[in-house]
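Here the structure is laid out as structure tokens; the discussion comes afterwards.
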Amino acid sequence: MMGIHNWIVRGVECFIACLLIIIPLTCAEEGLNIKCCAASNSTDIRKLTWISDYGWFPDDASCQPITRAEANFTGYDVRFFKIDSGKRCYKLPTNKDQDYLIRGTFLYGDSVGSLDSFDVLIGVTKISRVNTSEDLKVEGIFRAKDQHTDFCLVHDKGYPYISQLELKPLEDSEYLNVLGKAPNILKLVSRNDVGNSGEDIRYPDDPFDRIWDTDSKLVKPSPDLTLARSYIHNASTTVPIRVLQTALTHPDRLEFLHSSLDAEYHNYTLFLYFFELNSTIKPQQRVFKIYINNEIHQDEFDIQANGSYYNEVALNVTAKEALNLTLVKVSNRSVFGPILNAYEILQMYSWIQGTNQQDVDTIEMARYELLQHNKENQVLQSWSGDPCHPLPWKGLTCQSMNGDPVITRLDISSSRLRGPLPANITRLNNLMQLNVTHNKFTARIPEFPSSSKLTSVDLSHNELVGFLPNSLTSLPNLTTLYYGCNNLSKGTPSFNNSRLATDYGVCVNVTQSSTRNIQGILIGTVACGSFLLALGVALVCIYRQKFIAQRNFDGKRHPMTKNAIFSLPSSDDVTFKSITIQMFTLEYIENATHKYKTLIGEGGFGSVYRGTLSDGQEVAVKVRSSTSTQGTREFENELNLLSSIRHENLVPLLGYCCENDQQILVYPFMSNGSLQDRLYGEAAKRKTLDWPTRLSIALGAARGLTHLHTFAGRCVIHRDVKSSNILLDQSMNAKVADFGFSKYAPQEGDSGASLEVRGTAGYLDPEYYSTQHLSAKSDVFSFGVVLLEIVSGREPLNIHRPRNEWSLVEWAKPYIRESKIDEIVDPSIKGVYHAEAMWRVVEAALACIEPFSAYRPCMADIVRELEDALIIENNASEYMKSIDSIGGYSLGGSNRFSIVIDKKNVIPPTPTPTEPSPINAQAMAPPEPR
């Protein structure tokens, strides 16, 4: 079966090549000549046929003409690849084990940015970097490993571009044979026709279309330097006869200088070509030594030693920065001085192994299937070249296995894909995680081979039909399976694994940020399972009339003009404050970010780049991605809100850009990242936070949320409170960010249910999730989870922990109720916190995560509790003296949020956001000993 599969893969691959690439290879010598953006095929004065690259990249919009001020410049088009990251590759047809010369031409002109910089790769091996203000040709020699070879441009900064691409077969080439058995690539450094002062020599004189330069500046000047010329007939040589008809000679020594080599040591191969142009000279009359960088490589070289007037030498050397080729006469034996007709210098690169070929074939088959229904899809268009190296395709994760990179994770969620789910995806032999959620995949779910290594599969939120295949549910390694929100036939599938985490086909509507890998499952865990869900449904029925309508946040729009000033009342005082929001041009944004050079983050809205405004202020520039699940509504939502509100603990909006379908928001740069980064993010960003700093961050974030909830008499609900949305400035001040999902709280007369539940798994209010009724207490629940993160240093959800520790909320509750908070405190702060301050924070968190919103405090209560905790922490010794005078009090904990409420006799009301919590309304009992 695997043989048949490979045969099919090869067949389709061949079909794709024939379909997309019409290549008129009129003869082997002519090779493949591609003129980028050419309107049609053409033939040049050398009788070479040039074809357009539209078979590879059919987009006219990426083509621009090259213009220059200089006279007699022949105009060319250049193709720009306007990508912020990744690579673009030309997949070229080759014959396995055949040697090829490949040459890319990069013409410089007014349309090319001076900051454009990108790498050039053959396969996955980097051979050059284009970063120059002049024309450049990059040429390599390689031995093909398969029926195709990629020529790739990899983004660094600015935009990669190319003008021409040539591929020439090298029949009977000796270039790579002199290097031994190890696979290598040679990059041309210099190819010189010594003594020729005319035009460069190339095809048809050179059947391989090598370009023989005539740069005399490389020769060290000498008064006795002599030009030799002769006509050669019927000689058997590996270089063109015209190249050998000129030479330089000297009575004593010839010297050639190359001073533009790489700064680091590299291996180089030199090919030296000699032809004795003086037929009167006999063997042993012209003998000389060959030095490279003053190291002798040939002691006594005689051109005619093999009985021919023609001879050549191949030398392998190691050098950096400069290479000096010197030929010195053997004075005691030779009559004539050295001669040289031509030479080549090539830099040696080891061939880097690409992705496992079976994985390559399979994923390219899947891409081909997807393209049939998604021809304009940007994710698929970005899939170019090797799937794993040097940058993996968007959505792919790769690992090394037995020396070969293999694909272990495929996440194409929220990629706007439609059509059948490609069966070839299931045949990726090393795939462990598959996520295709939030697309429009149709038809049946394909069968899965029993050999599959899949541990996690998310098929939810598509339009799949039919039954869930047994071949999927019975996979031996599967631990997570989501398939809800489809059109699947009803039925109870059989699950062989009793520990399988699944949504059982139940449709869960949460935001994309909450559906990556763990969608749905742990929402159920946080919501205390099906019991709480049933209670929530019952509440909907009993109290339907009590919930009030909800008006969309964009009901009030604020005008957006350049440097607009908005005056509005603040809840902090009765004066009016002016808020300035600038409207930036796209050109200004590109200059400020150096064309999006420095990526500092990714979110549901898009990529975030670091930049600097003209006044020197550092900023974070959030650019909406074309594949983002958040759109114009969220963009306008954040604009409208942040053009109306300011607070020291809310990230301010400095400006925006809405030009050429681009939606961009500009904020001050927060140099200390997010709270999540500091607690348990990437190792490079993680930093131990002491307890007072954590308390200060929690208090700042709480104050920001309180300002939202009490703003101008109309509560604003954030709806996505989490540690990654709490940013830290250079002074570690907390600022709440990301208001794309924010909404005004329901008012009387509004409809009760939210049209779409928003939030992130692990933080989502179970009551809001089950009833779809929104209130400010939903933010309170989420903030309670953040407090537990601050205390424990743990993620809100982690399915890699033991089953009872997946949910931070459910894991921490028992320890708190049993007064064992030391069991949940982050080990990095154990023993360095005041117990009373810690207890106040923990009990505040416990109150926030009450299942029913009526029993939760409001944010103003939390602010007061955190203020007290910070005072206690910062003034521990004085606080100890004050409580000693009361007597009988232990620092085991405080009971401010532990007041007993008879929940059996209380019908949970839904208070307005500004009304005090039931807890706050009662008299606080004095602390009791623990």
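Please read all numbers here as calculations on a predicted model, not as lab measurements. Atom set for the values below is all heavy atoms of this structure, side chains included, hydrogens, waters and symmetry mates excluded. Along the sequence shown, residues carry numbers from 1.
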Q) Short question: side chain of Lys735, backbone of Glu648 - any donor-acceptor pair under 3.5 Å? A) yes

Q: Supply the atom-to-atom distance Leu665 CG to Ile581 CD1, rounded to the nearest 0.5 angstrom.
A: 9.5 Å

**Q.** Distance, nearest 0.5 Å, that separates CG of Leu808 from CG of Leu788
**A.** 5.0 Å

Q) Taking Glu873 for the side chain and Tyr833 for the main chain, is one N or O donor matched with an acceptor at less than 3.5 Å? A) no

Q. Can you tell me how far the CZ atom of Arg840 sits from the CD1 atom of Ile872, to the nearest 0.5 Å?
A. 4.0 Å

**Q.** Tyr667 and Val619: CA distance, side-chain angles, deciding distance, side-chain contact (heavy atoms from CB on, under 4.5 Å) verdict
**A.** CA-CA 6 Å; Tyr667 308 88; Val619 291; over 6 Å; no

(Q) Counting only heavy atoms from other residues, nucleotides and ligands, does the tally under 6.0 Å from CD of Glu805 exceed 12? (A) yes

Q: Answer yes or no: is there a side-chain heavy-atom contact under 4.5 Å between His647 and Arg703?
A: yes

Q. Looking just at side-chain N and O atoms, do Asn435 and Thr437 make a donor-acceptor pair shorter than 3.5 Å?
A. no

(Q) Minimum heavy-atom separation for Gly762 and Pro796, please, with both atom names. (A) O-CB, 4.0 Å

Q) How far apart are the closest heavy atoms of Arg794 and Glu789, and which atoms are they? A) O-CG, 3.4 Å

Q: For residues Val832 and Trp691, report the shortest heavy-atom separation together with the two atoms involved.
A: O-CB, 4.1 Å

Q | Derivation of the side-chain contact (heavy atoms from CB on, under 4.5 Å) call for Phe739 and Leu708 | A | CA-CA 11 Å; Phe739 304 93; Leu708 280 180; 3.8 Å; yes

Q. Of the non-hydrogen atoms in Cys848 and Pro857, which two are nearest, and what is the gap between them?
A. N-CD, 4.0 Å

Q. Any side-chain heavy atom of Val716 sitting closer than 4.5 Å to one from Tyr744?
A. yes

Q. Counting only N and O atoms by type, is there a donor-acceptor contact under 3.5 Å from the side chain of Asn649 to the main-chain atoms of Ala734?
A. yes

Q: Considering non-hydrogen atoms only, spot the tightest contact between Pro692 and Leu870 and give its length.
A: O-CD1, 4.0 Å

Q: Could you pull out the closest heavy-atom pair between Glu767 and Pro851, with the gap in Å?
A: CB-O, 3.7 Å

Q: For side-chain contact (heavy atoms from CB on, under 4.5 Å), just list the numbers for Ile849 and Lys813, CA-CA rounded to whole Å, side-chain angles, deciding distance to a tenth of an Å, and then say yes or no.
A: CA-CA 9 Å; Ile849 59 175; Lys813 274 183 180 178; 3.8 Å; yes

**Q.** Atom NZ of Lys830: over 12 foreign heavy atoms under 6.0 Å
**A.** yes

Q: Would you confirm whether Thr480, through its side chain, and Ala501, through its main-chain N or O, come within 3.5 Å as a donor-acceptor pair?
A: no

Mind listing the side-chain donor-acceptor pairs of residues 780-787 below 3.5 Å, one per line with the distance, residues two or more places apart or on another chain?
unit_1 : atom_1 : unit_2 : atom_2 : d
Ser782 : OG     : Tyr763 : O      : 2.8
Ser782 : OG     : Ser778 : O      : 3.3

Q. Under a 4.5 Å cut-off applied to non-hydrogen side-chain atoms, are Met670 and Leu728 in contact?
A. no

Q) To the nearest 0.5 Å, how far apart are OG in Ser792 and CD in Glu823? A) 13.0 Å

(Q) Are Met732 and Ile697 packed together at the side-chain level, in the sense that at least one heavy-atom pair is separated by less than 4.5 angstrom? (A) yes

Q: Check for a donor-acceptor pair, side chain of Asn672 on one end and backbone N or O of Asp729 on the other, with a separation under 3.5 Å.
A: yes

Q | Contacts of type side-chain contact (heavy atoms from CB on, under 4.5 Å), residue Gln676, not counting sequence neighbours | A | Ser674, Tyr680, Ser723, Ser724

**Q.** Check against side-chain contact (heavy atoms from CB on, under 4.5 Å), Asp779 and His709
**A.** CA-CA 9 Å; Asp779 280 355; His709 290 183; 2.9 Å; yes

Q: State, yes or no, whether a side-chain contact exists between Ile824 and Val791 at a heavy-atom distance under 4.5 Å.
A: yes

**Q.** Exam field: side chain Asp826 to backbone Ile829, donor-acceptor pair closer than 3.5 Å
**A.** no

Q) Are the side chain of Trp806 and the backbone N or O of Arg801 linked by a donor-acceptor pair below 3.5 Å? A) yes

Q | Euclidean distance, Leu866 CG relative to Asp861 CG, rounded to 0.5 Å | A | 11.0 Å

Q: Compare all side-chain heavy atoms of Leu699 with those of Val863 and state whether any distance is below 4.5 angstrom.
A: yes

Q. Out of curiosity, Asp720 CG to Leu764 CG, how far, rounded to the nearest 0.5 Å?
A. 9.5 Å

Q.
Between Ser731 (side chain only) and Asn733 (backbone N and O only), is there a donor and an acceptor less than 3.5 Å apart?
A. no

Q | Leu675 vs Leu689 side-chain heavy atoms within contact, under 4.5 Å | A | yes

Q. Is there a side-chain contact between Leu774 and Arg719, using heavy atoms and a 4.5 Å cut-off?
A. yes

Q: Check whether any side-chain N or O of Asn725 sits under 3.5 Å from a backbone N or O of Asp738 as a donor-acceptor pair, and report yes or no.
A: no

Q. In terms of side-chain geometry, is the basic nitrogen of Glu850 or Arg856 positioned less than 4.0 Å from the acidic oxygen of its partner?
A. no

